[in-house]
Amino acid sequence: MAEWESAWLRRPDYRIDVIPQRRKVRAWLGDLLLAESDSCLLVDEQDHVARMYFPQSDVRLDLFSPTEHHSVCPFKGEADYWTLTASDPPMENVVWSYPTPLPQMEAITGHLCFYEDRVHVELVDEWPDGTVSANRFPAWGDAADLLALIDVEPAGEGRFSGPAYPTPRNVVEGSQMLAQAIVAASKSVPGQRVTSAFMTYPKSASFDSPLDFQVEALRRGRTFSTLEVRTYQDGVLRAPGLLLADSGAPDVIRGSAEMPKVPGPEDSEPYDMRVTGRDLRIVDGAYSPDPDRVGPPEIHAWMRFRHDPGQQYLRDALVAQATGHWTIAAAMLPHPGFGEADAHVTLSTGIMSISIAFHEPAPIDQWFLYTNPAIYAGAGLAQGDGRVFSQDGRLMASYSVQAMIRPFRRDPSAMGLDESNAM
């Protein structure tokens, strides 16, 4: 190879973080397991996608053959490559390593890395009940990252701030802003629980800039308080919300809707939204990207989190965050040629308003069920009427979602929209 030199002398402040992974990571080609390790290294390099490096001892090198191909990274060194010979046809130069990396990257010695667009690399969560869930690498993030977004921080009198979090599809979900508004309102009236919230979305927000939340108490009372929460980004109003908080009271009467009879989480299909620490199962696999799948206009989704955040308002906010996921896909299900994968690709879709009411507190580190029928689709809109139940049948929340389903007026790529999983 041609002569090359280390770039560290010219750019000593260049950032490459090498982060040991505490969870199991696997690499697959179809049903063929290529590697499995609980000692991987995440290499997060500025201006590059993150890569997962496996210890060489945990890679099935009997499935590979070394090649004559080499490449150079001026920050890591010279790389050797292997071809996967166990595939038909062989997959050339699909894995590489740096046998003698530069001193600054000594940690990756003896590790191999796969191209994730050619090999399926997944992050494995092992749950206390012995079950596992898997999310494709690179993940959107962890449930802890989602909680950090939602748990907005005080930023002055009546003001709260939510951090930026860049993602491939640079649009903030409406239900995330609803969840953040619930937290902002809850922190503004401690001692009262938000029992209902309504939010509309006149203008989209992006993930690469912080969100600001301005809270105004329209009426603060000992029993009920009414608060307006306005979401701003770069000084522009993105989503106004109206929330009611309640101090609580004993039952006068009690009754609730019954939980529908659907297969449980153990009999439902795992779905990967690339959020580790959150397990998601879809009844009958109805949340499908297949545009030719046809079925009733309803989606039932089981969810649980690895950790309970503790405060009830954070539990409620996490429940609210996912209410925006289901209505659009449910509305498309009866219609051949339309599917969830069309959203933001061939169709302009988005949540226009959400109304939610909270009923029974329940833990979210145990399974709970979203049941979401789409009760109307037409005139460029869809309406969902959802309920959330704990696994033992308590009605945790109910919600209503109005969404937009319309053709694009111009090419979505020109608007910076790329296909991406939701959260």
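- For Asp47, there are no salt bridge (charged side-chain N to carboxylate O under 4.0 Å, His left out) partners at least two apart in sequence or on another chain.
- Every residue two or more places apart in sequence or in another chain that forms a ring pair (Phe, Tyr, Trp, His ring centres under 6.0 Å) with Tyr370 is listed here: Trp326, Phe368.
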For this session: Test Asn93 against Thr67 for side chain to side chain donor-acceptor pair (under 3.5 Å), laying out the working first.
Result: CA-CA 7 Å; Asn93 302 319; Thr67 75; 2.8 Å; yes

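- For the atom pair Thr226 OG1 and Arg220 CZ, the distance stands at 11.0 Å (nearest 0.5 Å).
- Residues that satisfy the salt bridge (charged side-chain N to carboxylate O under 4.0 Å, His left out) test with Asp267, not counting sequence neighbours, are absent from this structure.
- The structure places CE of Met396 at 12.5 Å from OG of Ser256, a figure rounded to the nearest 0.5 Å.
- For His69 and Tyr81, the ring centers are positioned less than 6.0 Å apart.
- Every residue meeting the side-chain contact (heavy atoms from CB on, under 4.5 Å) condition with Asp208, not counting sequence neighbours, appears here in chain and number order: Asn170, Ser206.
- The existence of a salt bridge linking Arg51 and Glu116 is confirmed by a sub-4.0 Å separation between a basic side-chain nitrogen and an acidic carboxylate oxygen.
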For this session: Let me see the working for Asp246 and Thr195 under side chain to side chain donor-acceptor pair (under 3.5 Å), right down to the final yes or no.
Result: CA-CA 6 Å; Asp246 178 19; Thr195 53; 5.1 Å; no

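- Evaluation of the ring pair (Phe, Tyr, Trp, His ring centres under 6.0 Å) rule for Phe198 yields no partner, not counting sequence neighbours.
- Under the 6.0 Å distance and 45° angle rule, Arg304 counts as a cation-pi partner of Trp127.
- For residues 291-300, the side chain to side chain donor-acceptor pair (under 3.5 Å) pairs, not counting sequence neighbours, are His300-Thr371.
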For this session: Go through the steps to decide whether His325 and Ser175 satisfy the test side chain to side chain donor-acceptor pair (under 3.5 Å), and finish with yes or no.
Result: CA-CA 8 Å; His325 290 348; Ser175 49; 4.9 Å; no

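- Contact record, Tyr98 with Gly77: CE2-O, 3.2 Å, taken as the closest heavy-atom pair.
- With Ser247 contributing its side chain and Arg222 its backbone, the two residues share a donor-acceptor pair below 3.5 Å.
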For this session: With side chain to side chain contact (heavy atoms under 4.5 Å, CB included) as the test, would you mind laying out the steps for Met303 and Leu318 before giving the verdict?
Result: CA-CA 11 Å; Met303 186 179 288; Leu318 286 171; over 6 Å; no

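- Rounding to the nearest 0.5 angstrom, the gap separating the NE2 atom in His111 from the SG atom in Cys40 is 7.0 Å.
- Heavy-atom minimum distance, Phe213 versus Gly162: CE1-N, 4.1 Å.
- The salt bridge (Lys or Arg N to Asp or Glu O under 4.0 Å) contacts involving residues 180-198 comprise Asp151-Lys187, Arg193-Asp316, where partners must be two or more places apart or lie in separate chains.
- In this view, Glu92 and Thr83 satisfy the side-chain contact (heavy atoms from CB on, under 4.5 Å) rule, not counting sequence neighbours.
- Side-chain contact between Arg118 and Leu84: absent, with no pair of heavy atoms (C-beta onward) separated by less than 4.5 Å.
- Scored by the ring pair (Phe, Tyr, Trp, His ring centres under 6.0 Å) test, Tyr201 finds no partners at all (sequence neighbours excluded).
- Legend: residues meeting ring pair (Phe, Tyr, Trp, His ring centres under 6.0 Å) with Tyr115, ordered by chain and number and at least two apart, are Trp96.
- For residues 20-31, the salt bridge (Lys or Arg N to Asp or Glu O under 4.0 Å) pairs, not counting sequence neighbours, are Arg23-Asp125, Arg23-Asp142, Lys24-Glu36, Lys24-Glu126, Arg26-Glu36, Arg26-Glu122.
- By the salt bridge (charged side-chain N to carboxylate O under 4.0 Å, His left out) test, Glu360 pairs with Arg254, sequence neighbours left out.
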